Amino acid sequence: MFRFFCTIMINHIGTSILKSFSSAGKAVMLAAACVLTGCAIVYPLWLFATAQPLWYTRAVLMLITMFVVYKIVAAVKKSSWKSMVRAILHSVILIGGAALVVFFVFNELRIIAIFIALLTPAAYIACSHFFSNTR
């Protein structure tokens, strides 16, 4: 009887150890697959970026632009004209304000840059208030 229980216990222990190693093996295989996939994607991009930095920059900027245009078109399809105009004006105010601040700082007109940096959030808030849906 004792021998029977020992055999059952040894079988359970063996099964438990086998399951543990199986789970650990699956985790190691998943980590290896992630590393190999990462290397397969990152290495060619790194090689392209170091060999042709100008073309890599153009390609990345083109992809970012395509993504932004896609998101804008998707948002336009879902929204009303008022919210679309507000979003476009917000973008123009923020990007234009930042560009003007950088322009004036580089041209050593820091007082004008500070004025524009202070005026940009005010224009943003005014645009939000003007095109708000609650009146």
Side-chain angles (χ1 to χ4, degrees):
M1 189 73 157
F2 177 71
R3 188 175 175 152
F4 175 71
F5 286 122
C6 286
T7 307
I8 291 175
M9 187 182 294
I10 289 173
N11 282 340
H12 282 304
I13 291 172
T15 305
S16 218
I17 290 173
L18 189 62
K19 284 182 182 178
S20 297
F21 280 124
S22 174
S23 297
K26 288 177 185 175
V28 168
M29 291 299 289
L30 179 63
C34 289
V35 167
L36 288 174
T37 304
C39 288
I41 292 171
V42 170
Y43 180 72
L45 288 174
W46 171 80
L47 197 61
F48 180 42
T50 55
Q52 299 289 330
L54 179 67
W55 286 102
Y56 178 79
T57 304
R58 288 178 181 170
V60 168
L61 288 176
M62 183 181 69
L63 288 173
I64 290 171
T65 304
M66 287 173 28
F67 177 73
V68 168
V69 167
Y70 168 76
K71 293 302 264 182
I72 289 171
V73 168
V76 166
K77 285 182 179 179
K78 288 194 290 188
S79 65
S80 66
W81 72 271
K82 202 173 200 178
S83 62
M84 180 185 68
V85 169
R86 186 176 72 193
I88 291 171
L89 282 177
H90 281 165
S91 300
V92 168
I93 288 170
L94 292 177
I95 293 170
L100 285 173
V101 167
V102 169
F103 174 77
F104 286 125
V105 166
F106 283 152
N107 286 319
E108 298 180 6
L109 298 169
R110 288 177 180 84
I111 300 297
I112 297 174
I114 291 171
F115 178 71
I116 291 175
L118 294 174
L119 188 63
T120 300
Y124 185 90
I125 292 169
C127 176
S128 294
H129 179 70
F130 182 69
F131 284 106
S132 68
N133 291 329
T134 58
R135 283 209 172 190

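Since we're looking at a predicted model, the values are computed, not measured.
Residue pairs satisfying the side chain to side chain donor-acceptor pair (under 3.5 Å) criterion with at least one member in residues 95-105, sequence neighbours excluded, are absent.
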Using residues 87-115 as the side-chain source, report each donor-acceptor pair under 3.5 Å to any protein atom, sequence neighbours left out, with the distance given to one decimal.
residue : atom : partner : partner atom : Å
His90   : NE2  : Ser128  : OG           : 2.8
Ser91   : OG   : Ala87   : O            : 3.0
Asn107  : ND2  : Phe103  : O            : 3.2

Could you pull out all donor-acceptor pairs under 3.5 Å where a side-chain atom in residues 28-47 meets a protein atom, sequence neighbours excluded?
residue : atom : partner : partner atom : Å
Thr37   : OG1  : Ala33   : O            : 2.8

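Under the rule for a side-chain contact (heavy atoms from CB on, under 4.5 Å), the partners of Met62 that lie at least two apart in sequence or sit in another chain are Met66.
Chaining together hydrophobic side chains whose heavy atoms lie under 4.5 Å apart leaves Ile125 on its own. Counting Ile, Leu, Val, Met, Phe, Trp and Tyr side chains that sit under 4.5 Å apart, directly or through other members, Leu61 stands alone, with no cluster partners.
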